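Step one of this worksheet: look at the structure below.
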Amino acid sequence: MRKYDDSYRHKGLRKRLISNLREKGITDEKVLAAIDTIPRHFFLDTAFDEIAYEDRAFPILQQQTISQPYTVAYQTQLLEIKPFDKVLEIGTGSGYQTCVLAELGAQVFTVERQKPLYEALRKFPYTNKYPGIKYFYGDGFDGLPTYAPFDKIIITAAAPYIPEKLIVQMRPGAKMVIPVGEGDVQQMFRIIKLQDGSTTQETFNNFSFVKMLGGKNKF
Ligand code: SAH
């Protein structure tokens, strides 16, 4: 059984990461505080212990990645999370972004299409800290109609287009943050659903995510 130790050294490295994120333009103090609280190295293989607080993505299981801290901060800042927001996350991956949302007080419904990743998280003791997170194994293109409507939706994989089924699951006033593009680079979109059910969209910086794929993967 792995021992999870958040040492002074790790805490110091996190402080450095926070100033790095500030320099790159992240301004939301609550988002920075959440990142400062969560031991990112717990979400990575111990081989990455020394470099876990560099601002870069790292491999996790199943050829997937834990998002770069800047990307996590950027998407979370755009979502403008408030305590008790009901959030749908597509692409649980390591669960790191999920915990950042939960640390901000959100009630998170997170969906992962790869069974081994979904199962690994069920055995990961740190997530017990956030009983408000609900984990689902499924295809994020379908969302979670049973639990809709949501106040916020975040997609953490490169979407080929904006899935209409997810728009339907937004409450009036809800926000969705989604990287859209079929090539190596995607543009960050923020969709807002208005009271009359119509939507507006804004575009932001470019990022590079792993692909959002349809269907589920058992192995
Ligand atoms: N936020 C995660 C990012 C993981 S990478 C982290 O920081 O760890 C993106 C994840 O999206 C991968 O785990 C991938 O398996 C998952 N994914 C891709 N397409 C999906 C879909 N249609 N439904 C649910 N998850 C999906």
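Numbering of ligands and ligand atoms starts at 1, following listing order. Position 1 is the first residue of the sequence; numbering continues from there. Here the structure is a predicted model, which is why all the values come from computation and not from measurement.
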Measure the distance from atom 12 (C) of ligand 1 to every protein heavy atom, then report the residue, atom name and distance (to 0.1 Å) of the closest one.
-> Gln64 OE1, 3.2 Å
Check if Lys211 has a non-hydrogen atom at a distance under 4.0 Å from any atom of ligand 1.
-> yes
NZ of Lys24 to CD of Gln68, rounded to nearest 0.5 Å, is 5.5 Å
Looking only at heavy atoms, is any part of Met212 under 4.0 Å from ligand 1, and if so is it the side chain, the backbone, or both, or is it neither?
-> both
Heavy-atom closest pair, residues Val72 and Thr76 = O-OG1, 2.5 Å
In ligand 1, the atoms that come under 4.0 Å of a heavy atom of Gln97 are 1 (N)
For the hydrophobic clusters of this structure (ILVMFWY residues joined by side-chain heavy atoms under 4.5 Å, transitively), does one cluster hold both Tyr130 and Val31?
-> yes
Any N/O of Gly140 closer than 3.5 Å to an N/O of ligand 1?
-> yes
In short, Ile153 meets Phe150 closest at the heavy-atom pair CG1-CB, 4.1 Å
Roughly how far apart are Cys99 SG and Phe43 CZ, rounded to 0.5 Å?
-> 4.0 Å
Mind checking the OG1-NZ spacing from Thr199 to Lys175? Nearest 0.5 Å is all I need.
-> 14.0 Å
What residue and atom, counting heavy atoms only, is the protein's closest point to atom 22 (N) of ligand 1, and at what distance?
-> Leu213 O, 2.6 Å
What atoms of ligand 1 come closer than 4.0 angstrom to any heavy atom of Val210?
-> 5 (S), 9 (C)
Shortest protein contact, atom 11 (O) of ligand 1 (heavy atom only) = Gly91 CA, 3.2 Å
Would you mind telling me if ligand 1 is within reach of the side chain of Glu112, the backbone, both or neither, using heavy atoms under 4.0 Å?
-> both
Looking at ligand 1, does any of its N/O atoms fall within less than 3.5 Å of an N/O of Tyr96?
-> no
Just jot down the ligand 1 atoms closer than 4.0 angstrom to any heavy atom of Gly93, in number order.
-> 4 (C), 8 (O), 13 (O)
Gln114 neighbourhood, listing ligand 1 atoms whose heavy-atom distance to it stays under 4.0 Å = 15 (O)
Would Thr98 count as a contact of ligand 1 if the rule is a heavy atom under 4.0 Å away?
-> no
With a 3.5 Å cut-off and no angle check, do the side chains of Asp5 and Ser7 form a donor-acceptor pair?
-> no
Between Ser94 and ligand 1, is there a nitrogen or oxygen pair with a distance under 3.5 Å?
-> yes
Establish, yes or no, whether a centroid distance under 6.0 Å links the rings of Tyr53 and His41.
-> yes
for atom 26 (C) of ligand 1, nearest protein heavy atom and its distance come out as Arg113 CG, 3.5 Å
Test item: Lys86 side-chain N/O and Tyr147 main-chain N/O as donor-acceptor pair under 3.5 Å | yes
Hey, is Asn217 touching ligand 1 through its side chain, its backbone, both or neither, going by heavy atoms under 4.0 Å?
-> neither
